[in-house]
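A short worksheet on the structure shown next.
Counting convention: from 1, in listed order, for ligands and their atoms alike. From a predicted model like this one, the values you see are computed outputs, not experimental measurements. Worth knowing before you read on, the calculation uses all heavy atoms, side chains too, and leaves out hydrogens, waters and symmetry mates.
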Amino acid sequence: LTTVDRAHYEQTTLWGRANVALPDHQDQRLAAIDRLVPNEATTIVDVGAGDGRVLHHLSTVRGPGLLTTAVERSFAGLEHVGGALRVQGSIDAVPIARRAAHTVLCCEVLEHLPNEVYRRGIKELARIADRSIVITVPNNEVRRRADVTCASCGCRYNRERHLRSFGIGDLDGLVPGFDLSKVIEAGPRQPLYPRFLRVQMERVGLLPVLGSPSCPQCGETYLAGRGDDRHGGGGRAGNRYRALRSAVPKQRRPYWLCARFTRSRLN
Ligand SMILES: [Zn+2]
């Protein structure tokens, strides 16, 4: 992990309830995860748990008796985690014993990983999961639509730091030793703005910039518009944003791809 990457994930604006991007998207994703985690799962490890919002949701809807562990490399993220065991660590070397969790979660993590970390990370999920693995990723994302150009060094990068995208066809065989057992597409259909239009709309404050993008080369923060309505939550910019969203064509598929993998019988 580079210093710039580390700094990115330590930004306090990435984590916590106040910074949840588009809460309605999150609700649909959390409901899908709850449907995928087997009822008999009492030990759950979330790898790349962030601020612990997924574990918090599961604990809330399933009640006491759930033993949850949040594995997260960002100290800023871990600080928000409550009610779960907190473990600082990276997906490519998870400090948890073999088959220690009934179910392992890995939500919106895989799309961020460079090749080597990705390869080792998948193996780690399979190592610590006893029965099942629940993975969520953006659904068939066209990554270049989220590209921005760094004002400082000129580097063009995906502002959500997504390095790979997944379709339903990519899921089968994704985790060696595990079978794909259930898939749910969840969440709203996103508007499909052409990149140049989106960049212009962000610049004049018509579209909020989700998350806290920063350049992977030099660390410069991407400041598109005013920055005071980053999540489209309210105010006049929020209203214009909603009006615009309803006017443009939408992607065909719901935003999230959520999948459960079950340990193969032979394994
Ligand atoms: Zn840069």
Nearest-0.5 Å distance that lies between atom CZ in Arg189 and atom CG in Asn139: 9.5 Å
Looking at CG of Leu163 and OH of Tyr118, how far apart are the two atoms once the value is rounded to the nearest 0.5 Å? 12.0 Å
Is the shortest side-chain N to carboxylate O distance from Asp34 to Arg62 below 4.0 Å? yes
Let me know which of Ile44, Leu36, Thr103, Val37 forms a side chain to side chain contact (heavy atoms under 4.5 Å, CB included) with Ser132. Thr103
Could you please compute the angle at the Zn ion (ligand 1) from SG of Cys218 to SG of Cys150, rounded to 10°? 100°
If you stand at the Zn ion (ligand 1) and look out to SG of Cys153 and SG of Cys215, what angle do those two lines make, to 10°? 100°
Of the backbone and side-chain N, O or S atoms of Cys155, does one lie nearer to the Zn ion (ligand 1) than 2.8 Å? no
